[in-house]
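So the structure is just underneath, and the comments pick up after that.
Numbers restart at 1 for each chain; the letters A, B, ... are given by sequence-line order, proteins then strands. Computed from heavy atoms alone, side chains included, the values below leave out hydrogens, waters and symmetry copies.
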Number of protein chains: 2
Amino acid sequence: MEQDNLPLGMVVGQMMHEMLRVLKKRDIEKAEIPLTIEQHAVLHILNVKESDVILKEMADAMGKDKSAILRIIDVLEKKELVRRAIDQKDRRKKYLMVTKKGEQVIEEFYKIDEELREELKEGLTKEEMKIFYMVVCHIKKKAEQL
Amino acid sequence: MEQDNLPLGMVVGQMMHEMLRVLKKRDIEKAEIPLTIEQHAVLHILNVKESDVILKEMADAMGKDKSAILRIIDVLEKKELVRRAIDQKDRRKKYLMVTKKGEQVIEEFYKIDEELREELKEGLTKEEMKIFYMVVCHIKKKAEQL
DNA sequence: GTTATTTAGTTGATATATGCAACTAATCTT
DNA sequence: AAGATTAGTTGCATATATCAACTAAATAAC
């Protein structure tokens with residue numbers, strides 16, 4: 001099957017859709033505080049960034065409008081998963097801090113995701129997964145330059 | 001870099017986001033009738049399916065609720081890109097037909113997508129792309145079973 | 001020190017997508 | 001003929017997204 005001729009977004013989009021469908025389902029079933037994928041994505045980035053993050057930086061990191069990120073932060077704050085902390089030196093800046101509760105939600109989601117990932121990878125070699133991730137990174141970097 | 005430990009959805013999601021950002025931008029710049037990605041996805045599936053498709057089948061194919069597909073079809077119909085055709089034998093069934101105008105939109109989008117795809121693939125071998133698509137298919141099939 | 005510019009965050013408005021439940025119309029099964 | 005199933009539709013609620021315009025705060029220019 002000559003997939004090379006298929007729209008890349010359609011092919012990968014369908015895989016994402018199926019995978020996220022299962023992820024959402026399991027998050028709803030197992031998690032104490034189920035969140036949407038976008039909300040998890042925000043928490044994830046707060047978790048992996050080495051330094052503290054303000055809203056503008058989060059918007060840049062996710063390639064989205066700051067008002068979109070702000071609405072997501074509003075919900076996460078309401079659920080007490082993050083708090084806004086004002087920078088003493090520059091009162092315009094508000095740092096997004098993950099609460100203890102938020103960290104629990106992150107760990108819980110990582111477990112659910114890791115379990116699913118293991119199931120999905122079954123039958124694939126480490127070398128195939130390595131190439132897969134490499135291609136994903138390559139395409140992302142290329143797209144970022146456009 | 002041990003990407004294997006990162007949430008699969010996050011990694012691929014970021015790639016999709018960057019890629020779709022460029023695709024949307026070019027669609028808006030170049031296309032006569034710019035559509036959203038979801039609208040293009042519906043047209044794409046209508047295009048690649050060998051037999052004619054009713055709404056229920058489209059919903060199944062995309063893994064979404066039929067009411068969600070129906071709203072998208074409503075918009076595409078309003079833009080005269082598709083028409084609903086009632087099955088004479090079973091008046092519950094309405095076939096989704098792509099108009100000539102719709103076919104033009106599909107071709108236009110395929111061109112934009114193919115051009116982008118070539119740019120994104122630059123630096124990747126055919127073998128690497130082959131493995132990438134194989135992994136995507138594998139993961140989609142596995143997820144479908146869950 | 002004052003004014004202009006830039007930056008960070010917020011809000012309102014609008015558009016799109018999504019799913020669930022409940023409904024109608026049509027067909028099939030019993 | 002009545003009950004069950006299927007296809008499509010509608011109302012409602014929720015989430016995400018972007019743009020423009022705004023306020024508050026900091027920086028730059030004069």
Next item on the list: Return the 5'-most residue of the pair Ile72(A), Glu57(B) with respect to DNA chain D, ranking by each residue's nearest nucleotide.
Entry: Glu57(B)

Checklist line | Closest nucleotide among dA26(D), dG8(D), dT5(D) to the Arg92(B) side chain | finding: dT5(D)

Note to self: Taking Ser67(A)'s backbone N and O only, do any of them form a donor-acceptor pair with Arg71(A)'s side chain (distance below 3.5 Å, no angle check)?
What the structure shows: yes

Next item on the list: Apply the test side chain to side chain donor-acceptor pair (under 3.5 Å) to residues His40(B) and Asp113(B): give CA-CA distance (whole Å), side-chain angles for both, the deciding distance (0.1 Å), then the verdict.
Entry: CA-CA 11 Å; His40(B) 276 299; Asp113(B) 178 87; over 6 Å; no

Note to self: Whether Lys56(B) and Asp60(B) form a salt bridge (side-chain N of Lys/Arg under 4.0 Å from carboxylate O of Asp/Glu) is what I want to check.
What the structure shows: yes

Notebook entry, point to check: How long is the line joining CD1 of Ile54(A) and C1' of dT7(C), in whole Å?
Noted result: 9 Å

Check: Counting only side-chain N and O atoms of Arg91(B), is one of them less than 4.0 Å from OP1 or OP2 of dT27(C)?
Finding: yes

Margin query: Donor-acceptor pair, distance only, cut-off 3.5 Å: does the side chain of Gln39(B) make one with the backbone of Thr36(B)?
Written below: yes

Checklist line | Partner of Val105(B) under side-chain contact (heavy atoms from CB on, under 4.5 Å), chosen from Ile33(B), Thr99(B), Leu76(B) | finding: Ile33(B)

Polar atoms only, N or O, under 3.5 Å: list the protein pairs with nucleotides 10-13 of chain C and their distances.
unit_1: dT10(C); atom_1: OP1; unit_2: Arg84(A); atom_2: NE; d: 3.4
unit_1: dT10(C); atom_1: OP1; unit_2: Lys94(A); atom_2: NZ; d: 3.2
unit_1: dT10(C); atom_1: OP2; unit_2: Arg84(A); atom_2: NH2; d: 3.4
unit_1: dG12(C); atom_1: N7; unit_2: Arg71(A); atom_2: NH2; d: 3.3
unit_1: dG12(C); atom_1: O6; unit_2: Arg71(A); atom_2: NH2; d: 2.7

Checklist line | Neighbour count >12 (heavy atoms, 6.0 Å) for atom NZ, Lys30(B) | finding: yes

Notebook entry, point to check: Which residues within residues 24-51 of chain B lie with some heavy atom under 4.0 Å of an atom in DNA chain D?
Noted result: none

